[in-house]
Amino acid sequence: MTTTVNAYGAISATDPLEPMTIERRDLRPHDVLIDIDYAGICHSDIHTLRGEWGEIAYPQVVGHEIVGHVAAVGSEVTKHKVGDRVGVGCESGSCGQCEQCAKGGEVYCLKGNIQTYAGVDVDGTITQGGYSQATVIDERFVLSVPEALPLEKVAPLLCAGVTLYAPLKHWNAGPGTKVAIIGMGGLGHVGVKLAHALGAEVTVLSRTLAKKDDGLAFGADHYFATEDPATFADHQAEYDLILSTVSAGIDYDAYVDLLAVDGTLVLLGAPTDALSVTPMKLISHRRSIAGLANGGIVDTQEMLDFCAQHDVLPETELIAADDINAAYKRVVDSDVRYRFVIDAKTFG
């Protein structure tokens, strides 16, 4: 049996999003039915729907920043109960048995995880995301949202939050470390807040100084314009960790030069062009370039708890479902400070 819910989705890579209905599966023993309250808009949603990361099946409903309340649980669910505040991020399933899954790294499941949208679900259907009234998710992938976090602000943390928290944790950002963040958009502004809360010395590297006041208010200690050649000349071999949140291609050699000995440049955005870097720039200072998808369930829950403890919240603009297409244009035009959140009550 299935349940029909209202949603917003696309029927092709070129058509605007429109109202539609989708089916949610009946509860299996370990499933949780979530009434969605809010869904965040991630730039990944736009890339996916427009086929910019490869072909997908349509119709497709996206959204992997989901928060709401538990409406019902399967017969063997132990992790959540009806009424709980919960969230769902980028992954909604994995094998649960491989080495990565066993240690909470489901995002790197060796057999391939199930993406919350545009993936192949356990019943063979295409997963449909959070731009909808409700969803059904395996309890392992349902996060608990602390009471201290205002629910209308939480959704972007389920992607942007953990995508920045995971590398900060993995590369031991904290007191005595220097962290630089490339880009001050939907990802970058959350990274500034998290790195500051962790105690690192935080620098923003943005194309211009247009958002400098925001960056400093969010916790950055320094803010430099990358269009100014002096930025690269004055900060050679300075940073222990550089997090690149941008999807556009950049001059990797120039940014590698900013890394200290043993420093790491981590790619969080996903440029479509191949990466090019001069090997000696890595060799001479034992530097590294790495990539990171987002974070597993352990990291994501830890991030939510950390944000509640340190009052870390994204800057959001609440919109109705009818505003999604206009919001997409604004995201592409970098005309949002800093994340859109959809009120799920407006799905109908």
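All heavy atoms count here, side chains included; hydrogens, waters and symmetry mates do not.
- Counting only heavy atoms from C-beta outward, the side chains of Y117 and I56 never approach each other to under 4.5 Å.
- Under the 3.5 Å distance criterion, with hydrogens and angles disregarded, no donor-acceptor pair is assigned to the side chains of E106 and Q100.
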- Message: What verdict does the salt bridge (Lys or Arg N to Asp or Glu O under 4.0 Å) test give for D84 and K81, after you've listed the backbone C-alpha separation in whole Å, the side-chain angles of each residue and the deciding distance to 0.1 Å?
- Response: CA-CA 6 Å; D84 283 355; K81 65 182 186 302; 3.0 Å; yes
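- Between the side chains of D305 and Q301, a donor-acceptor pair is found at a separation under 3.5 Å.
- Taking both residues in full, the closest heavy atoms of K79 and V142 are given as NZ-O, 3.1 Å, listed atom of the first, atom of the second, then distance.
- Between the side chains of R24 and S132, at least one donor N or O sits under 3.5 Å from an acceptor N or O.
- The closest side-chain donor-acceptor pair between Y58 and D15, if any, does not fall under 3.5 angstrom.
- In this model, no donor atom of one side chain and acceptor atom of the other lie less than 3.5 Å apart for T177 and D240.
- D213 and Y223 are not linked by any side-chain donor-acceptor pair at a separation below 3.5 angstrom, with hydrogens and angles left out of the test.
- Here the side chain of R85 pairs a donor or acceptor atom with the backbone of P146 at under 3.5 angstrom.
- The main-chain N or O of V70 is never found under 3.5 Å from a side-chain atom of H80 such that the two would form a donor-acceptor pair.
- In this structure, F232 and D257 have side chains that are not in contact, with every pair of non-hydrogen atoms separated by 4.5 Å or more.
- Two residues are said to be in side-chain contact when any heavy atoms from C-beta on lie closer than 4.5 Å; Q128 and E23 fail this criterion.
- Counting only distance, with no hydrogens or angles, the side chain of K193 and the backbone of P314 share no donor-acceptor pair below 3.5 Å.
- A donor-acceptor pair under 3.5 Å is formed between the side chain of R287 and the backbone N or O of V256.
- Between Y338 and V190 the shortest side-chain heavy-atom distance does not fall below 4.5 Å.
- The side-chain heavy atoms of Y328 and L49, taken from C-beta on, include a pair separated by under 4.5 Å.
- A side-chain donor-acceptor contact under 3.5 Å links T116 to the backbone of G89.
- Between the S244 side chain and the I182 main chain, no donor and acceptor come within less than 3.5 Å of each other.
- Under a 3.5 Å cut-off, the side chain of T127 and the backbone N or O of A118 do form a donor-acceptor pair.
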